[in-house]
Amino acid sequence: MPTAAEDKAITAAAKSDLDAQPLTPKQLNAMVPIRALRGRPKSENKKLLVSVRYSPEVVAYFKSTGEGWQSRMDGVLRQYVARHLRST
């Protein structure tokens, strides 16, 4: 641990560095924890994580449609469900 005199010298040196000025109270209040900024925004329609087995040709087809293939597969299944709910 530095002595009181050493601590005073360190603090003075830090405050004199124009590139390392202390944050103002306004800047500190505007800060947001990084956890709140990372990742995708939370969806209102949460999806469930399940393990499912599909035929290789079904997976190959959807993968061949490019990025987002899982969402397209979900869309096709949702259309199926909507059609069959109406008919019952």
Side-chain angles (χ1 to χ4, degrees):
M1 291 297 284
T3 64
E6 290 171 330
D7 187 52
K8 194 173 186 177
I10 292 168
T11 302
K15 286 185 175 182
S16 69
D17 184 351
L18 297 177
D19 292 328
Q21 293 300 303
L23 297 174
T24 66
K26 185 177 179 181
Q27 290 170 318
L28 287 171
N29 288 335
M31 294 177 108
V32 177
I34 195 155
R35 273 190 305 275
L37 300 175
R38 292 181 64 186
R40 297 177 70 167
K42 299 293 180 201
S43 173
E44 289 183 17
N45 302 323
K46 287 194 171 197
K47 295 185 179 179
L48 301 175
L49 177 63
V50 294
S51 177
V52 180
R53 294 179 186 266
Y54 292 109
S55 301
E57 57 273 10
V58 170
V59 175
Y61 169 77
F62 279 99
K63 280 187 171 183
S64 74
T65 64
E67 201 168 309
W69 66 271
Q70 291 140 321
S71 295
R72 280 189 291 284
M73 183 183 266
D74 180 62
V76 168
L77 291 170
R78 287 170 61 107
Q79 287 174 357
Y80 179 88
V81 168
R83 267 197 315 266
H84 286 80
L85 282 176
R86 280 186 258 136
S87 65
T88 57

Chemist: Please list every donor-acceptor pair under 3.5 Å in which a side-chain atom of residues 46-57 meets a protein atom from a residue at least two apart or in another chain.
Modeler:
none

Chemist: Just to verify, which of Val59, Thr65, Val58 counts as forming a side-chain contact (heavy atoms from CB on, under 4.5 Å) with Tyr61?
Modeler: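 Testing each of Val59, Thr65, Val58 against Tyr61, the sole residue satisfying side-chain contact (heavy atoms from CB on, under 4.5 Å) is Thr65.
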Chemist: Which residue pairs pass the ring-ring contact (aromatic ring centres under 6.0 Å, His included) test with at least one member in residues 62-82, sequence neighbours excluded?
Modeler: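 Residue pairs with at least one partner in residues 62-82: Tyr80-His84.
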Chemist: Decide yes or no on side-chain contact (heavy atoms from CB on, under 4.5 Å) for Asp74 and Gln70, but give the supporting numbers first.
Modeler: CA-CA 6 Å; Asp74 180 62; Gln70 291 140 321; over 6 Å; no
Chemist: Could you state the interatomic distance from NZ (Lys15) to CD1 (Ile10), rounded to the nearest 0.5 Å?
Modeler: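 Rounded to the nearest 0.5 Å, the NZ-CD1 separation comes to 13.5 Å.
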Chemist: Any donor-acceptor pair under 3.5 Å linking the side chain of Arg72 with the backbone of Glu67?
Modeler: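 Side chain of Arg72 to backbone of Glu67, a donor-acceptor pair under 3.5 Å: yes, one is there.
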